[in-house]
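A short worksheet on the structure shown next.
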Amino acid sequence: MKHIAYLIILLSSFNILFAEDIVLKYYSDKDDLTSYVSSTTGFPYTHQFQRFDIQAPVYIKSMAVYLYGESSNVKVYLLDHQAGSSIPQFFAYSGKGVLGVSEFQFAGAESPQRIAINFPDPVYFDGDQLFIGVFIENIQKTFFISTKTQMNPFCQSTDGGNYLFQYLANYNATEQAGLWASGGFAYLADLTVEYAHPNAISFLLDRTVTKGIPQGLAQNSIAWGDINNDDYLDLLVNGKLFLNSPQKFSDITTNAGLSGSPGNNAFIDMNNDGNLDILFIYNSSDGKKPMEIYMNNGDKTFTKNIVGLPGFRDVSSFAIGDVNNDNYPDLFLTQLWSPYPVAFPNYFYLNNKSNSFILKNGVCQTSPARRSRGSQFVDFDDDGDLDLYVANYYQETDELWENKGDLVFVDIIANKGIDKFTIDGKDNSNHGTGVDWYDYNNDGDIDLLLPQFAHPANAAFGFRGTTIYKNEAGKFTDTYNSELSASEIGITYEETHAGGAWGDYDNDGLADFIITTYYGCRYVDLYKQNEDHTFKNSTFVSGLNRIVSGDDACWADFDNDGKLDLAMSINRKFSLFKNYYETTNNNWVELDLINYNGLKVPIGAKVKVYANGNVYTQEVVAGRGQRMQKPSRLHFGIGNANEIEKVKVRWSGETEYVEYDDIEINKINKITNGENSVETGEVNNYSISVYADKKSNIIKVDYTAKDLALHLDIYDINGAIIYSENISNTNFNTNTIVINSLNLSNGKYFVKLVGNKTQLNSQFNWIE
């Protein structure tokens, strides 16, 4: 994760600190002190560890330990995140994860002496925990001092364990069960740090309830799609349908005719009429509850159609795409296990053009079945047809099915070097937990984000944590360095990584990604891409710090403001995070594709956006990772480009690109095939400006809009509505709304003016 820093040792009883320095410790002058003697504790330890909980990114300037007793050779280690485990197992098994180490001769002391160890250069650290480890050669007569004050665990969970502060390890143990012991106290050890982002302002904020979605909604499956073609993305969560409007989401599940609690839900245009239908896929202990398809009636209601096919026990993902180019979407399903660890097969279903499916046995199926967690259709080799990736768990090899045509797929993953590595002459694979394909480095080839679960004991022998495989014309390069047991491009090794999802949250033209975790006391990570295509952890500054999630996540611009928002769980309950990221330089474009000559929702279409000398490439996807469906509308950040030079689209089922001009930035553009036309969406199509003067206590909103009836809202920085007004728009020229005598506090405010086909957004500062 970081280079090892060699340290300077200062023997002292105090430290002179800069004004901004903070000392992190878990002891006080009032504590009673003690020391452990290895031969008499009942646990013959060889190493001692003090865990530190790190609340925000820091620059580490020094560390210190208190020693007492006779002379001895001593080693002090500063250890990293250690895969998120409560115990520094990764270091114990591999000796890795060391941020700094110092070896010195302790001269001995009759009373506890503070040994301060300074870093020549401060070490930047952005994880959520650190460890100081101590090895004492004369362990029977030289002691690392401990308090006798009982401490509560920092965090506890049934699946993640107890996060204490004091651990002992016996490296001479012959069995893992005898390696570790824990104490309910703390060692006298401390870190001197400076917080790296003292003035950080969170920009991804939880707006679940204020947007009309109830708290406590279980999240297994998330899908985004526009069911009524009003240009607003509607939301489907575990069988609950929420209709999106400029103000908020409304639960229309019952009125729409939906019922049930499926383990998986998805939008799918079964009959290719341009209206999104809904697919419910159930998990049941006996595997007998069949899937259901709700056909869209065109009036925000649906008619149930029970698909006469066998049910499932543990569907873990779905992928939708027209693999045979007949203009009807097909379906692939994976299963994990039920009961553990018995594997159940995956299934491929062909659309029968009569609102149901035909099971195609043997297509994209292994024998014996593998335990699968994620899947996604992708044209990785850029030949114009849909291939399929399957992420497998249980250290079973993933599958990359190349589409040869006529429903013939060949698993070629062994030839690509993906999810395969050799230990002692034996081939091995990882615990795959998700999958998302995206051209993250803007070279025109779709790359692979592969979230992976990796126990520290396994990682020490070469098993990999989460990695990215760079695609270069169909040849893949793993960015994980097995010798270092670390990513080469900045992804911190975390034992329990779950699903991962790409999205350019700051519109700089470089795709970022969110990655979730299993287990309690384990936290999500948001990675921002740097210009050199490495990544930096931005979880704290984003506002997502210390979130326990699970499963997977999904980006979508639900309010059409050009910023990707985030749908993800908190403690496995659905949450919606609005993106307030502020930038004055970065622009965006969103593209809604409609194919009147084929598959109307053109899953598999590949799009290239040319702007400011760069080419940004994406594919339309329906279903990815674990039970997630991102919108078919494509969102591109384009950095400081002030115009789109051109857009090229290779429509699904085609091999040639069609070029489109007159694409507007900072707008939702509709591109239709069959008319070869581009239409700038009505959303955000007109103008708004705001003049605010606190001294005269006046706010003026100038706007041009086409709707006769409009609604004006003013929000504060927390998303609370502080002013609302219905407006009759008498003409389509520029109009002015004047608001007087609002009692506002100093700060930033947001203005939203909406109608049936119009949404105008602006903001102002209220300050003298």
**Asked** Are any of the side-chain nitrogens in D552 or R624 under 4.0 Å away from the carboxylate oxygens of its partner?
**Response** yes
**Item:** Heavy-atom closest pair, residues A553 and I514
**Value:** CB-CG2, 3.9 Å
**Prompt:** Atom CG in L205, atom OG in S575: separation rounded to 0.5 Å?
**Reply:** 12.5 Å
**Prompt:** Would D551 and R572 count as a salt bridge (Lys or Arg N to Asp or Glu O under 4.0 Å) if you check the C-alpha gap in whole Å, the side-chain angles of each, and the deciding distance to 0.1 Å?
**Reply:** CA-CA 8 Å; D551 299 319; R572 297 190 182 273; 3.2 Å; yes
**Prompt:** F380 ring centre to K416 NZ or CZ under 6.0 Å, with the angle to the axis within 45°?
**Reply:** no
**Item:** More than 12 heavy atoms from other groups under 6.0 Å of CZ on F461
**Value:** no
**Message:** Working note: T516 + S549, criterion side-chain hydrogen bond (donor to acceptor under 3.5 Å, both in side chains); need CA distance, chi angles, decisive distance, verdict.
**Reply:** CA-CA 6 Å; T516 58; S549 180; 4.9 Å; no
**Verdict with reasoning, E488 to N481, per side-chain hydrogen bond (donor to acceptor under 3.5 Å, both in side chains)** = CA-CA 6 Å; E488 293 181 337; N481 188 317; 3.0 Å; yes
**Item:** Y438 ring center near F513 ring center (under 6.0 Å)
**Value:** no
**Message:** I need the Y527 OH to L449 CG distance, nearest 0.5 Å.
**Reply:** 11.0 Å
**Prompt:** Can you check whether H533's main-chain N or O pairs, donor with acceptor, with N530's side chain at less than 3.5 Å?
**Reply:** no
**Item:** disulfide (SG to SG under 2.5 Å) contacts touching residues 458-539 (sequence neighbours left out)
**Value:** C155-C521
**Asked** Does S372 use its side chain to pair, donor to acceptor, with the backbone of G374 at less than 3.5 Å?
**Response** no
**Message:** Quick one about T397 and S429 (side-chain donor to acceptor, distance below 3.5 Å, no hydrogens or angles considered), yes or no?
**Reply:** yes
**Complete:** Contacts satisfying salt bridge (charged side-chain N to carboxylate O under 4.0 Å, His left out) that involve residues 454-477 (not counting sequence neighbours) are R464-D478
**Message:** In this structure, is the centre-to-centre distance between the rings of W502 and Y440 below 6.0 Å?
**Reply:** yes
**Request:** List for me each residue that meets ring pair (Phe, Tyr, Trp, His ring centres under 6.0 Å) alongside Y93, sequence neighbours excluded, and say none if there are none.
**Result:** none
**Asked** Measuring from N587:CG to N640:CG, what's the distance to the nearest 0.5 Å?
**Response** 8.0 Å
**Asked** Is the CD1 atom of I423 crowded by more than 12 outside heavy atoms at less than 6.0 Å?
**Response** yes
**Asked** Does D532 CG have over 12 foreign heavy atoms under 6.0 Å away?
**Response** yes
**Asked** With no hydrogens and no angle check, do the side chains of H497 and T466 hold a donor and an acceptor under 3.5 Å apart?
**Response** yes
**Message:** Any side-chain to backbone donor/acceptor pair from H635 onto G562? Under 3.5 Å, distance only.
**Reply:** yes
**Prompt:** Which of these, L448, I491, L450, sits in a side chain to side chain contact (heavy atoms under 4.5 Å, CB included) with I468?
**Reply:** I491
**Message:** With a 4.5 Å cut-off on side-chain heavy atoms, are Y394 and R370 touching?
**Reply:** no
**Item:** Backbone N/O of K528 and side chain of Y505: donor-acceptor pair under 3.5 Å
**Value:** no
**Prompt:** Does any donor atom in the side chain of S316 or T334 lie under 3.5 Å from an acceptor atom in the other side chain?
**Reply:** yes
**Request:** Sort and list the pairs that fulfil disulfide (SG to SG under 2.5 Å) and have at least one residue in residues 431-503, not counting sequence neighbours.
**Result:** none
**Asked** Once you round to the nearest 0.5 Å, how far does SG of C554 lie from CG of D565?
**Response** 11.5 Å
**side chain to side chain contact (heavy atoms under 4.5 Å, CB included) partner of Q395, the single match among N430, N458, N428** = N458
**Contacts of type side-chain hydrogen bond (donor to acceptor under 3.5 Å, both in side chains), residue W401, not counting sequence neighbours** = E399
**Request:** For the pair D21 and K61, find out whether any cationic side-chain nitrogen is under 4.0 Å from an anionic carboxylate oxygen.
**Result:** yes
**Request:** Give a yes or no on whether the backbone of A169 and the side-chain of T46 come within a donor-acceptor separation of less than 3.5 Å.
**Result:** yes
**Message:** Among residues at least two apart in sequence or on other chains, which ones pass ring pair (Phe, Tyr, Trp, His ring centres under 6.0 Å) with F165?
**Reply:** Y26
**Fill in**
Sequence neighbours excluded, the answer for ring pair (Phe, Tyr, Trp, His ring centres under 6.0 Å) partners of Y519 is F453
**Prompt:** Can you list the residues that meet the ring pair (Phe, Tyr, Trp, His ring centres under 6.0 Å) rule with Y389, with sequence neighbours excluded?
**Reply:** W437
**Message:** Please give me the minimum heavy-atom distance between Y167 and N162, naming the atom from each residue.
**Reply:** OH-O, 3.4 Å
**Prompt:** Is there a donor-acceptor contact under 3.5 Å from the side chain of R522 to the main chain of G84?
**Reply:** yes
**Message:** Suppose we screen for side-chain hydrogen bond (donor to acceptor under 3.5 Å, both in side chains). Which residues come up paired with D53, at least two apart in sequence or across chains?
**Reply:** R51, Q55, R546
**Item:** Identified ring pair (Phe, Tyr, Trp, His ring centres under 6.0 Å) counterpart of F463 within the set F421, F90, Y480
**Value:** F421
**Message:** Test of understanding: with side-chain hydrogen bond (donor to acceptor under 3.5 Å, both in side chains), list the residues that count as partners of N537, not counting sequence neighbours.
**Reply:** D525, T539
**Request:** Output yes when a side-chain donor or acceptor of W555 lies under 3.5 Å from a complementary backbone atom of K630, and no otherwise.
**Result:** no
**Asked** Checking salt bridge (Lys or Arg N to Asp or Glu O under 4.0 Å) for the pair D126/K536: CA distance, chi angles, key distance, verdict?
**Response** CA-CA 9 Å; D126 54 22; K536 181 178 181 179; over 6 Å; no
**Item:** Contacts of N585 that satisfy side-chain hydrogen bond (donor to acceptor under 3.5 Å, both in side chains) - sequence neighbours left out
**Value:** none
**Prompt:** Ignoring hydrogens and geometry, is there a side-chain-to-backbone donor-acceptor pair from T433 to A498 under 3.5 Å?
**Reply:** yes
**Ring centres under 6.0 angstrom apart (Y580, F203)** = no
**Message:** Between E494 and H81, does the side-chain hydrogen bond (donor to acceptor under 3.5 Å, both in side chains) criterion hold? Intermediate values first, please.
**Reply:** CA-CA 8 Å; E494 159 63 46; H81 177 72; 2.9 Å; yes
**Asked** Does a donor on one side chain and an acceptor on the other come within less than 3.5 Å for S317 and S375?
**Response** yes
**Message:** With a 6.0 Å cut-off on the ring centroids, do H47 and Y171 count as close?
**Reply:** yes
**Item:** Any residue meeting salt bridge (Lys or Arg N to Asp or Glu O under 4.0 Å) with D382, in chain and number order, not counting sequence neighbours
**Value:** K606, R650
**Message:** Measuring from atom CG of N545 to atom OG of S538, what distance do you get when rounded to the nearest 0.5 angstrom?
**Reply:** 11.5 Å
**Asked** Under 6.0 Å from the six-membered ring centre of Y77 and within 45° of its axis: does the NZ or CZ of K75 meet both?
**Response** no
**Prompt:** Could R373 and Y393 be counted as a cation-pi pair, given that NZ or CZ must be under 6.0 Å from the ring centre and within 45° of the axis?
**Reply:** yes
**Asked** Are V548 and I570 close enough that some pair of their side-chain heavy atoms sits under 4.5 Å apart?
**Response** no
